[in-house]
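To keep things clear, I will list the structure first and then write my remarks on it.
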Amino acid sequence: MTTVTEDGELTGLRDALGVLKDREQVALRLLESSARHSFDPDTELDWDAPVEDGKWFWPPELVSLYDTPLWKRMSEEQRFDLARHEAASLASLGIWFEIILMQLLVRHIYDKSVTSAHVRYALTEIADECRHSMMFARMIQKGGAPTYPVTRLNHNLARVLKTVSTTPGSFACTLLGEEILDWMQRLTFPDERVQPLVRGVTRIHVVEEARHVRYAREELRRQMVTAPRWERELTRISSGEAARVFSVAFVNPRVYSDVGLDRREALAQVKASGHRREVMQSGAKRLTDFLDDIGVLRGVGRKLWKSSGLLA
């Protein structure tokens, strides 16, 4: 049975995955985990260690052109260089996304009790994201590749999104940005072929992002049960459009010309690559299964997710 607590929160809510956990209890557990497993990248990582020859900045199987005809024609040096630039592109995308996320989290807690554990954890997560963004920026500098900002159009579309996004839409987009990169980073940090600094960066991010994903999943489930119908429908459409934009922006096309490749040819081969499609869908599967279970992947939204290439 659904009841209302003293601070106005609903308890006993249920969705297709079962009874939702109490919001405050979830936040308290996440705060305890944060106290035990949080890192300061400035002191945790050896930023002065030299880059190691013969080691990748990103696992080759996760590089966008891997196993394409163009990849097979590239020299080993050019493959290493492309991996280095794609790592910088992904880090740049991560910083852009985390700045958006921090603003969405501040909006989420604006009207909530400042003494609640739910708000306290949101502030803890914002602090995590600040450190992650600085860590990614240092990694880009260490690798010697340029930053790769998203297009002006996507930059300004995100400006609109973070201004008008509904609460469930915000958490759906949060999971989109977090879970695919998290899947890739879980393959990266134990990979001894990869630069030690990159492995250290991805290890920290994986450990701390696990809490962020839990927070966002629990809140999205709650929102999809309690939000009005129009808000749930808008969430389905906005998350599908975000998936479409995200899949296009995932690797900045400039990386190809920056390593001496023909940009149009590279983009065409990435688009046609069965391996790349499998990588992106595998990275998104845990998320799309979850969104499907809680009713996000329906109607027009599902069609947009399919057009993004993230949903089989």
Side-chain angles (χ1 to χ4, degrees), residues 9-10 13 15 20 23 26-27 30 93-114 116-130 132-133 150 154-182 208-247 249 284 286-288 290-302 304-305 308 310:
E9 293 296 343
L10 295 173
L13 296 171
D15 64 5
L20 274 70
R23 182 188 260 165
V26 169
L30 293 174
L93 182 72
I95 294 168
W96 172 70
F97 176 77
E98 287 180 337
I99 290 171
I100 296 169
L101 169 59
M102 286 186 273
Q103 294 177 72
L104 293 176
L105 279 172
V106 169
R107 282 185 53 202
H108 172 61
I109 64 176
Y110 186 70
D111 293 317
K112 292 180 169 43
S113 170
V114 295
S116 69
H118 185 74
V119 167
R120 190 151 51 97
Y121 179 74
L123 293 170
T124 301
E125 181 170 330
I126 291 166
D128 290 344
E129 299 294 14
C130 285
H132 294 171
S133 294
V150 297
N154 287 338
H155 183 80
N156 287 322
L157 282 174
R159 193 188 305 280
V160 175
L161 168 71
K162 62 189 176 61
T163 302
V164 305
S165 177
T166 63
T167 299
S170 297
F171 282 103
C173 291
T174 294
L175 290 169
L176 169 66
E178 289 179 337
E179 295 215 29
I180 298 174
L181 282 172
D182 180 73
E208 297 189 339
E209 285 296 312
R211 299 190 294 267
H212 304 178
V213 168
R214 172 72 186 282
Y215 184 78
R217 280 185 170 228
E218 293 290 336
E219 193 58 31
L220 181 56
R221 287 179 65 194
R222 182 178 299 275
Q223 294 294 327
M224 289 302 291
V225 171
T226 60
R229 180 175 178 178
W230 70 265
E231 201 166 358
R232 297 196 303 270
E233 290 295 337
L234 183 58
T235 297
R236 293 177 179 117
I237 295 170
S238 64
S239 71
E241 177 61 15
R244 191 192 62 78
V245 170
F246 186 78
S247 64
R286 183 170 176 266
L287 171 61
T288 54
F290 169 74
L291 295 179
D292 203 11
D293 286 340
I294 66 171
V296 175
L297 298 187
R298 295 180 184 172
V300 175
R302 188 178 191 89
L304 288 167
W305 272 90
S308 75
L310 298 176

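Here the structure is a predicted model, which is why all the values come from computation and not from measurement.
The salt bridge (charged side-chain N to carboxylate O under 4.0 Å, His left out) search around E129 returns none, not counting sequence neighbours. Listed by chain and residue number, I237, L304 satisfy the side-chain contact (heavy atoms from CB on, under 4.5 Å) test with V300 (two or more places apart in sequence, or in another chain). Shown here are the side chain to side chain donor-acceptor pair (under 3.5 Å) partners of S247, two or more places apart in sequence or in another chain: there are none. In this view, R232 satisfies the salt bridge (charged side-chain N to carboxylate O under 4.0 Å, His left out) rule with no residue, not counting sequence neighbours. With sequence neighbours excluded, the residues forming a salt bridge (charged side-chain N to carboxylate O under 4.0 Å, His left out) with D128 are R131, R211, listed by chain and number. Taking the ring pair (Phe, Tyr, Trp, His ring centres under 6.0 Å) definition, one finds that H212 meets it with H132, sequence neighbours left out. Evaluation of the side-chain contact (heavy atoms from CB on, under 4.5 Å) rule for A216 yields F171, T174, L175 as partners, not counting sequence neighbours. Scanning for side-chain contact (heavy atoms from CB on, under 4.5 Å) contacts around L181 gives L90, F250, with sequence neighbours left out. A search for salt bridge (charged side-chain N to carboxylate O under 4.0 Å, His left out) contacts involving R120 returns nothing, not counting sequence neighbours. Not a single side chain to side chain donor-acceptor pair (under 3.5 Å) links R107 to another residue, sequence neighbours left out. Remark: Y215 pairs with H118, Y121 by the ring pair (Phe, Tyr, Trp, His ring centres under 6.0 Å) rule, at least two apart or across chains.
Each of V213, D182, L291 was evaluated against R286; a single residue qualifies, V213, per the side chain to side chain contact (heavy atoms under 4.5 Å, CB included) test.
Inter-residue side-chain proximity for E125 and L101 is flagged as met; some heavy-atom pair is nearer than 4.5 Å.
Under the salt bridge (charged side-chain N to carboxylate O under 4.0 Å, His left out) criterion, no residue pair touches residues 160-178, with sequence neighbours excluded.
Summarising the geometry of A249 relative to L93, their closest heavy-atom pair is O-CD1, 3.9 Å, with the distance given to 0.1 Å. Considering every non-hydrogen atom in both I100 and A158, the closest pair reads CD1-CB, 3.5 Å. Contact detail for P168 and T235: the closest heavy-atom pair is CG-OG1, 3.3 Å. Contact between H108 and K112 at its shortest, heavy atoms only, is O-NZ, 3.4 Å. A122 and I109 make their closest contact through CB-CG2, 3.5 Å (heavy atoms, listed as atom of the first residue, atom of the second, distance).
Atom CG of D293 and atom CE of M224 lie 12.0 Å apart (nearest 0.5 Å). Rounding to the nearest 0.5 Å gives a distance of 9.0 Å between CG of L104 and OG1 of T163. Atom CG of L220 sits about 4.0 Å away from atom CD1 of I294, to the nearest 0.5 Å. Taking OG1 of T288 as the start and CZ of R302 as the end, the distance is 8.5 Å to the nearest 0.5 Å. Taking OG of S238 as the reference point, atom CD of E231 lies at 9.5 Å (rounded to 0.5 Å). Rounded to the nearest 0.5 angstrom, I180 CD1 and F246 CZ are separated by 5.0 Å.
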Is there a salt bridge (Lys or Arg N to Asp or Glu O under 4.0 Å) between E218 and R214? Walk through the geometry before answering. CA-CA 6 Å; E218 293 290 336; R214 172 72 186 282; 3.2 Å; yes
Going through the checks in order, is the side chain to side chain contact (heavy atoms under 4.5 Å, CB included) test met by W305 and L176? CA-CA 11 Å; W305 272 90; L176 169 66; 3.7 Å; yes
Side chain to side chain contact (heavy atoms under 4.5 Å, CB included) assessment of M102 paired with I99: CA-CA 5 Å; M102 286 186 273; I99 290 171; 4.2 Å; yes
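Between E219 and R23 a salt bridge is recorded (basic side-chain N to carboxylate O distance below 4.0 Å).
Checking Q223 against T167 by side-chain atom types alone, no donor-acceptor pair falls below 3.5 Å.
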